[in-house]
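Report on the following structure.
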Amino acid sequence: MPGPDWLMVIRGATEGRRHGAITGLGTQAGLLAHGLLATVGISAILAAAPQVLIAVQVVGALYLLYFLHRTCLPTSESMSHWCTRTGVTGLSSECV
């Protein structure tokens with residue numbers, strides 16, 4: 001299975017070096033956090049207490065929904081930036 005570096009390449013190609021570097025740093029920070037938690041034994045605690053595992057899953061799902069809302073649903077500011085960046089004008093109500 002390929003590593004998470006493809007995401008860094010895509011972000012770097014579409015949004016610039018800075019975003020690619022930030023994506024790479026975020027990916028590595030996540031891997032580091034996962035490794036540290038596994039080392040400390042959080043995985044064993046989650047396996048021993050199913051209620052804690054369910055709570056972590058619910059919190060994770062809520063975070064993903066929040067992330068979806070923040071990044072995928074366009075706001076007027078993000079649409080304005082997109083319209084300006086791409087040069088689109090007058091094709092929709094957002095790009096006027």
Side-chain angles (χ1 to χ4, degrees):
M1 182 170 158
D5 52 333
W6 62 270
L7 179 62
M8 186 173 48
V9 171
I10 291 172
R11 292 272 319 249
T14 59
E15 299 181 28
R17 288 184 184 177
R18 183 170 183 245
H19 287 283
I22 291 170
T23 301
L25 290 172
T27 301
Q28 294 305 312
L31 290 172
L32 177 65
H34 176 75
L36 289 174
L37 290 175
T39 301
V40 172
I42 298 298
S43 299
I45 293 170
L46 292 177
Q51 300 86 358
V52 175
L53 177 59
I54 291 171
V56 169
Q57 289 173 337
V58 168
V59 169
L62 291 173
Y63 173 72
L64 289 176
L65 289 173
Y66 169 75
F67 186 68
L68 171 74
H69 176 72
R70 293 274 307 195
T71 58
C72 294
L73 301 177
T75 62
S76 60
E77 181 180 324
S78 65
M79 283 304 296
S80 173
H81 175 70
W82 181 84
C83 295
T84 303
R85 193 175 82 196
T86 59
V88 174
T89 57
L91 294 179
S92 69
S93 61
E94 291 89 3
C95 297
V96 289

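- Taking the six-membered ring where tryptophan is involved, the planes of Y63 and F67 are essentially parallel, since the angle between them stays under 30° and well short of 60°.
- Members clustered with V59: none, using a 4.5 Å side-chain heavy-atom cutoff among hydrophobic residues.
- Listed by chain and number, the hydrophobic cluster partners of L32 are L36, where partners are ILVMFWY side chains within reach of under 4.5 Å, directly or through others.
- By the rule that hydrophobic residues join a cluster once side-chain heavy atoms approach within less than 4.5 Å of another member, L37 and V52 end up as members of one cluster.
- Heavy-atom minimum distance, P50 versus A48: CD-O, 3.5 Å.
- Going from atom CD of Q57 over to atom CG of L62 covers 12.0 Å, rounded to the nearest 0.5 Å.
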